[in-house]
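Contents: one structure, followed by commentary.
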Amino acid sequence: MARKKLAPARARAPEIHARLVKRYPDAHCALDHEGAFQLLSATILSAQCTDKRVNIVTPALFARYPDPLALSAAKLEDVEDVIRTTGFFRAKSKSLVGMATALVERHGGEVPREMDALTSLPGVGRKTANVVLGNAFGIDEGVVVDTHVSRVSQRLALTKHEDPVKIEKDLVKLFPREQWTMLSHLFIEHGRQVCIARTPRCGECVLVDLCPSARV
DNA sequence: ATCCCGAGGG
DNA sequence: CCCTCTGGAT
């Protein structure tokens, strides 16, 4: 069975975006939050953890530590008890308290809006910084590349890389800046519902004819 | 056994 | 580049 040769990524990208927008018109940040500080905290917790699980623990976290000053003064053990079920709880607790302390000491208790300042915070890498910039501040600084975005991009052959930074470089060249933040939500939603890691549901995928990995 | 909106350290 | 950190869901 001859597989139809697909167009290069550059030619498929606009159609991929259009179909996903139509398929997931309500795509949005799945981490419950109010404001940059809460989103920053929730995103630190999201490492190797489902957003659903993060949303279970954050209400208690935000109630107990409503602002950077309160979180900076928290005892690590108390934070660990609240966030334990999200995994990596010792490292995440240190990151949260360290992040809050850095906000108080270096940024007047506010979340900075610059990539360099954000990634200088404890426990904050490029992925987390992109989440905050895009969703709390409305700045399309880059594309959030999490496990879903990585997998979907590879299956669609929009990148040949596995390194998230290299994947992001490929994606920002394929899609216009004003689409970057929403693109992440679209890929994440598609990755969760259809382009699932173990058993992708290619039979119900709106991108089958644009995907070299499709198995129907 | 594998995966989930990663980051830091060696 | 590699490894480690961690619990819950499937």
Side-chain angles (χ1 to χ4, degrees), chain A residues 20 24 26-33 36-58 60-61 76-77 79-103 115-137 139-156 158-159 161-169 171-172 179-201 213:
Chain A
L20 290 179
Y24 309 104
D26 299 320
H28 63 285
C29 181
L31 296 168
D32 296 339
H33 67 282
F37 172 64
Q38 288 190 2
L39 181 57
L40 178 54
S41 302
T43 309
I44 286 174
L45 293 178
S46 72
Q48 295 298 297
C49 178
T50 59
D51 52 355
K52 181 187 295 184
R53 173 57 51 183
V54 173
N55 290 335
I56 290 174
V57 309
T58 45
L61 182 73
L76 288 178
E77 281 185 27
V79 177
E80 289 174 5
D81 289 339
V82 177
I83 68 171
R84 187 171 306 271
T85 61
T86 65
F88 298 161
F89 60 89
R90 278 181 285 266
K92 287 177 181 177
S93 178
K94 281 184 192 170
S95 293
L96 287 173
V97 176
M99 171 274 285
T101 301
L103 291 185
M115 173 64 73
D116 290 348
L118 282 167
T119 54
S120 296
L121 299 171
V124 180
R126 186 169 180 90
K127 181 259 177 180
T128 298
N130 271 332
V131 169
V132 172
L133 289 171
N135 298 283
F137 297 138
I139 302 171
D140 285 297
E141 176 86 11
V143 177
V144 172
V145 179
D146 72 334
T147 182
H148 296 296
V149 176
S150 173
R151 181 179 65 255
V152 172
S153 298
Q154 288 171 30
R155 285 179 173 170
L156 282 168
L158 299 181
T159 183
H161 298 290
E162 296 185 16
D163 175 10
V165 176
K166 293 179 181 175
I167 294 174
E168 184 180 353
K169 283 184 179 175
L171 292 177
V172 298
Q179 295 178 357
W180 289 353
T181 296
M182 185 54 63
L183 185 74
S184 301
H185 296 317
L186 294 170
F187 275 32
I188 289 166
E189 200 59 28
H190 190 59
R192 298 201 324 183
Q193 295 187 25
V194 178
C195 198
I196 300 164
R198 290 186 235 203
T199 54
R201 298 172 180 167
S213 308

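Here is the naming used below: chain letters follow the sequence lines, and residue numbers restart at 1 for every chain.
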Using whole Å, report how far [atom1] of [X] lies from [atom2] of [N].
X      : N     : atom1 : atom2 : result
A/Q48  : C/dC3 : CD    : C1'   : 14 Å
A/L186 : B/dC5 : CG    : P     : 16 Å
A/K94  : C/dT6 : NZ    : P     : 8 Å
A/I44  : B/dC4 : CD1   : C1'   : 17 Å
A/I167 : B/dC5 : CD1   : C1'   : 14 Å
A/R192 : B/dC5 : CZ    : P     : 6 Å
A/W180 : B/dC5 : CH2   : C1'   : 19 Å
A/K92  : B/dC5 : NZ    : P     : 11 Å

Every protein N/O lying under 3.5 Å from an N/O of nucleotides 8-10 of chain C:
residue, atom, partner, partner atom, Å
C/dG8, O3', A/R53, NH2, 2.9
C/dA9, OP1, A/R53, NH2, 2.9
C/dT10, O2, A/R198, NH1, 3.4
C/dT10, O2, A/R198, NH2, 3.3

If you measure from [atom1] on [X] to [atom2] on [Y], what distance do you get to the nearest 0.5 Å?
X      : Y      : atom1 : atom2 : result
A/F89  : A/E80  : CZ    : CD    : 5.5 Å
A/L61  : A/K92  : CG    : NZ    : 11.5 Å
A/H190 : A/R201 : NE2   : CZ    : 11.5 Å

Task: Minimum-distance nucleotide to A/F88 side chain [options: B/dC5, B/dC4, C/dT6] - done: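 Comparing B/dC5, B/dC4, C/dT6 against the side chain of A/F88, the answer is C/dT6.
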
Task: Closest to side chain of A/C49, choosing from C/dT6, B/dC5, C/dG7 - done: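 The answer is C/dG7, which lies nearest to the side chain.
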
Is the distance from OP1 or OP2 of [N] to the nearest side-chain N or O of [X] less than 4.0 Å?
X      : N     : answer
A/R84  : C/dT6 : no
A/T128 : B/dA7 : yes
A/R151 : B/dC4 : yes

Open item on the list: So does A/I167 get a backbone contact from the side chain of A/T159, meaning a donor-acceptor N/O pair under 3.5 Å?
Closed with: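 Side chain of A/T159 to backbone of A/I167: no pair is present.
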
Open item on the list: Quick one: does any side-chain atom of A/E168 pair with a main-chain N or O of A/V143 as donor and acceptor, under 3.5 Å?
Closed with: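 Confirmed, A/E168 side chain pairs with A/V143 backbone.
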
Can you tabulate the close N/O pairs, meaning under 3.5 Å, that link protein atoms to atoms of nucleotides 8-10 of chain B?
residue, atom, partner, partner atom, Å
B/dG8, OP1, A/G123, N, 2.8

Open item on the list: Listing request: all salt bridge (Lys or Arg N to Asp or Glu O under 4.0 Å) pairs with a residue in residues 181-194 of chain A, at least two apart in sequence or in separate chains.
Closed with: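 Qualifying pairs, neighbours excluded: A/D51-A/R192, A/E189-A/R192.
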
Task: Nearest-Å distance once atom P is located in both B/dC5 and C/dT4 - done: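 B/dC5 and C/dT4 have their P atoms separated by 24 Å.
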
TODO: Determine the Euclidean distance between corresponding C1' atoms of C/dT6 and B/dT2; express it in Å to zero decimal places.
DONE: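 15 Å, rounded to whole Å.
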
Task: First of A/A47 and A/D163 reached from the 5' end of DNA chain C, by closest nucleotide - done: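 The residue mapped nearer the 5' terminus is A/D163.
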
Open item on the list: Quick check: do A/K169 and A/H161 have side-chain heavy atoms less than 4.5 Å from each other?
Closed with: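 A side-chain contact under 4.5 Å is absent here.
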
By side chain to side chain contact (heavy atoms under 4.5 Å, CB included) - contacts of [X] (at least two apart):
X      : value
A/A117 : A/H107, A/P112, A/E114
A/S95  : A/I44
A/H33  : A/C29, A/Q38, A/L39

Open item on the list: So A/A30, base contact, sugar-phosphate only, or nothing? Heavy-atom distance under 4.0 Å.
Closed with: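 Since a base atom lies under 4.0 Å of A/A30, the category is base.
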
